[in-house]
There are 2 protein chains.
Amino acid sequence: MRPQEIIAKKRDGQELSRQEINAFVRGVTDEIWADYQTSALLMAIFLKGFSLEEQNNLTKAMLESGDTIDFSDIDAPKADKHSTGGVGDKTSLVIAPMVAACGVFVPMISGRGLGHTGGTLDKLESIDGYDVNLSIERFKQIVKKCGFAMAGQTKKLVPADRKLYALRDVTATVESIPLIVSSIMSKKLAEGIDALILDVKTGSGAFMPKSSDAKKLAAALVKTGNAFGVKTEAVISDMNQPLGKFVGNALEVFECIKILRGEIDPQMLPTLELSIELAARMLVLCGIEKTVQSAKLEVQSSLESGAALEKFRNNIEFQCGNPGVCDEPESLLDKNLIKIQIKAETAGFITKIDTTAVGEAVSEIGGGRIKVDDKIDFAVGFECVKKLGDKIKVDEALGIVFCRKKSQANLIRQKVVDAYKISDEKPNEKFQLIKEII
Amino acid sequence: MRPQEIIAKKRDGQELSRQEINAFVRGVTDEIWADYQTSALLMAIFLKGFSLEEQNNLTKAMLESGDTIDFSDIDAPKADKHSTGGVGDKTSLVIAPMVAACGVFVPMISGRGLGHTGGTLDKLESIDGYDVNLSIERFKQIVKKCGFAMAGQTKKLVPADRKLYALRDVTATVESIPLIVSSIMSKKLAEGIDALILDVKTGSGAFMPKSSDAKKLAAALVKTGNAFGVKTEAVISDMNQPLGKFVGNALEVFECIKILRGEIDPQMLPTLELSIELAARMLVLCGIEKTVQSAKLEVQSSLESGAALEKFRNNIEFQCGNPGVCDEPESLLDKNLIKIQIKAETAGFITKIDTTAVGEAVSEIGGGRIKVDDKIDFAVGFECVKKLGDKIKVDEALGIVFCRKKSQANLIRQKVVDAYKISDEKPNEKFQLIKEII
């Protein structure tokens with residue numbers, strides 16, 4: 001069947017057969033389909049949608065476009081967490097060691113940051129020597145020996161997704177539920193896991209800001225995960241403000257190690273709360289714990305006993321990083337950085353934060369990527385001093401920019417100030433971190 | 001503005017501004033937009049549509065993407081005809097000489113055949129030596145000296161269309177009214193004409209088989225033509241059977257010269273009727289004649305006087321062809337061809353013809369192109385013996401295949417037989433050639 005016939009069928013709103021979806025994915029992987037044909041079909045899928053069956057067939061075809069990881073030799077549950085991305089969203093670095101300390105193996109394939117969102121791989125690379133470019137063999141070894149490993153997607157894992165994702169980004173076809181689901185789930189299913197917890201963000205810093213969209217996406221992800229025999233659950237969590245205290249690669253790793261060390265200050269509590277929620281649900285999905293409540297106690301004790309910190313130290317050693325950061329987290333922070341306060345221009349209560357703008361501001365001073373091939377300055381970032389609902393006076397700090405030159409702070413000052421909406425009246429709304437379980 | 005932002009706007013059903021449409025067409029012409037971005041926007045336009053203003057802005061941007069022809073030095077009306085294409089649709093070769101003989105200048109930029117439809121340029125090339133590859137300068141000279149010229153699109157004329165058309169063909173985005181209108185009208189407006197008659201085909205061999213679609217397309221073409229100051233009218237004509245007697249390049253030129261010579265047999269009458277209708281309307285649009293009725297008499301007399309045949313002879317000389325075909329049309333037909341009858345398998349009345357299948361059958365034995373770069377055998381073709389409504393007996397000829405080997409006729413025999421639906425009852429319907437004027 002010629003590509004244009006398959007494109008025409010979806011264009012006309014018809015359902016594509018398994019054979020047609022396979023032909024498409026094979027065409028993309030083997031470069032038989034021209035990019036302009038692929039993007040025409042992506043737009044048709046965006047506008048005409050996919051049934052659940054089409055979505056699952058696309059996921060399966062993508063999964064089968066490359067290698068998958070076989071963990072059948074590990075006689076224990078394997079689980080992972082996936083987040084749809086946000087600002088200051090650093091829970092992977094807390095969850096993986098905690099869950100591994102509780103006896104679940106975590107093969108975590110992660111991504112890099114782009115635009116306003118950060119990426120786990122970038123954060124890890126702010127640890128001196130830490131290597132995220134692992135072969136599948138080495139990745140498996142580390143998971144087996146240490147309980148978890150964190151690495152980038154190899155060329156052999158879901159090659160169709162690499163191609164499709166790059167095309168979607170430049171053809172305005174990113175925000176399509178079947179395309180998002182197949183992209184996320186094919187990669188997660190390739191990890192050979194038994195259970196998956198999804199952290200679907202909603203709010204001003206989320207990929208899908210509207211709560212109704214986030215719910216739809218979460219439901220679609222859960223359906224597809226379960227259809228493939230992976231116990232899947234989604235937590236809808238709030239991204240109307242950066243998560244926790246810091247935004248910026250080294251700063252976020254610092255926050256995570258402080259949490260693993262039990263040296264938690266109040267601004268870090270949301271990071272801890274969300275990490276425990278997600279980790280506990282992973283244990284329940286795996287059948288290790290019966291209730292979320294008991295699982296939370298189990299997870300918490302992995303923190304208090306220091307077992308989780310030991311797991312992280314162990315992982316850093318396996319992945320060639322400097323484990324000294326576990327003993328002295330301050331060593332992650334560049335001594336030469338300057339800290340500049342961003343001060344409020346009016347007094348009142350913080351009622352809204354344009355979280356995307358805060359994330360973009362950090363990227364603009366080098367903490368993230370504007371374009372795919374931008375280099376990252378791991379050291380720079382932002383400390384969130386005031387959060388939603390907080391009272392603030394004129395000239396009091398909204399937050400602190402960690403940068404190399406004063407000009408960097410000046411560059412983003414107005415953007416950050418404008419990102420915070422300050423009103424006279426105290427907001428009635430409660431800023432709930434965990435919104436819903438799906 | 002980045003391509004993906006323009007794509008996203010149309011994807012979300014918003015109207016594109018003139019600046020955005022200009023940026024798109026310039027991006028395509030100058031190869032700043034990647035093909036995959038262009039095709040994503042084409043699909044979004046296909047599915048979300050264009051307003052009349054967007055359609056006219058696209059047409060204008062495409063028109064301005066290259067050179068246009070300036071005929072202001074000819075102090076007489078300039079007009080052209082455009083057909084949406086069909087099987088046996090050969091009227092250009094009759095109309096251009098007739099209209100030129102009546103004092104209207106006809107700068108006719110034509111195309112080639114693909115799939116089941118033929119192309120004027122291919123037909124002309126079956127005249128020994130005939131050159132359709134004219135520079136704009138030479139094209140203008142011939143129009144001035146002879147009253148009409150027929151040539152292919154040069155690289156400098158509407159370059160955006162060359163690119164877009166090639167992409168639409170392989171991305172299932174051909175049948176979109178705004179894209180069709182801008183493609184046709186930008187090329188016609190570049191000819192520097194005052195008036196344009198459109199022959200919009202409907203029926204089983206038409207590009208848009210449904211009558212309602214053909215009407216919509218005709219209305220859109222007429223609106224845009226008139227918006228650009230070109231007097232435009234559309235004739236909806238029937239393509240439920242091949243037009244006239246022959247399908248195939250040399251055979252169709254033969255039919256046209258026979259008509260110009262007044263040696264018309266009954267099967268050729270529809271070709272004559274449609275040619276006169278379209279030519280007469282061109283004269284009226286140009287203001288040369290007041291009524292279609294008087295214009296038809298004028299056109300008819302250009303045939304009877306031999307003036308039209310002389311114009312054609314003159315044109316063939318200018319375009320380096322052998323004018324002897326005007327005296328001896330039989331010389332166009334290859335003596336070595338064999339004629340094989342395709343016989344009816346059942347008796348009754350012909351109630352339906354799958355005209356596309358007949359056109360494809362001719363292409364399959366070399367008379368047209370299946371793929372863009374196929375070579376054409378000008379000599380082969382098909383003679384329509386029986387037409388819609390005709391009575392036929394078992395083993396009586398439906399038509400005659402003109403081919404080089406018996407195996408060619410065998411190859412397409414069943415396809416042709418199956419294309420004719422034969423029923424017991426005489427059809428009530430009248431097979432009307434000219435359906436409507438828009």
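The chains referred to below are lettered A, B, ... by the order of the sequence lines, with proteins before strands, and numbering in each begins at 1.
- Surrounding NZ of Lys435(B) are more than 12 heavy atoms belonging to other residues, nucleotides or ligands, all under 6.0 Å away.
- What you find for Ile7(A) and Val170(B) is that their closest heavy atoms are CD1-O, 4.2 Å.
- Tyr36(A) OH to Thr171(B) OG1: the interatomic distance, rounded to the nearest 0.5 Å, is 8.5 Å.
- The neighbour count for Glu53(A) CD, taken as heavy atoms of other residues, nucleotides or ligands under 6.0 Å away, does not exceed 12.
- Your options are Ala44(A), Pro3(A), Ser39(A), and the one with the most heavy-atom pairs under 4.5 Å with chain B is Ser39(A).
- For chain B, no part of Lys9(A) is nearby; none of its heavy atoms comes within less than 4.5 Å.
- Contacts between Leu42(A) and chain B at a heavy-atom distance below 4.5 Å are absent for every atom of the residue.
- Note that CD of Gln4(B) and OG1 of Thr173(A) are 10.0 Å apart. Values are rounded to the nearest 0.5 Å.
- Side chain of Arg11(A) to backbone of Met43(B): no donor-acceptor contact under 3.5 angstrom is found.
- Within a 6.0 Å sphere centred on NZ of Lys415(B), heavy atoms belonging to other residues, nucleotides or ligands number more than 12.
- Only the side chain of Glu175(A) comes within contact range of chain B, with heavy atoms under 4.5 Å apart.
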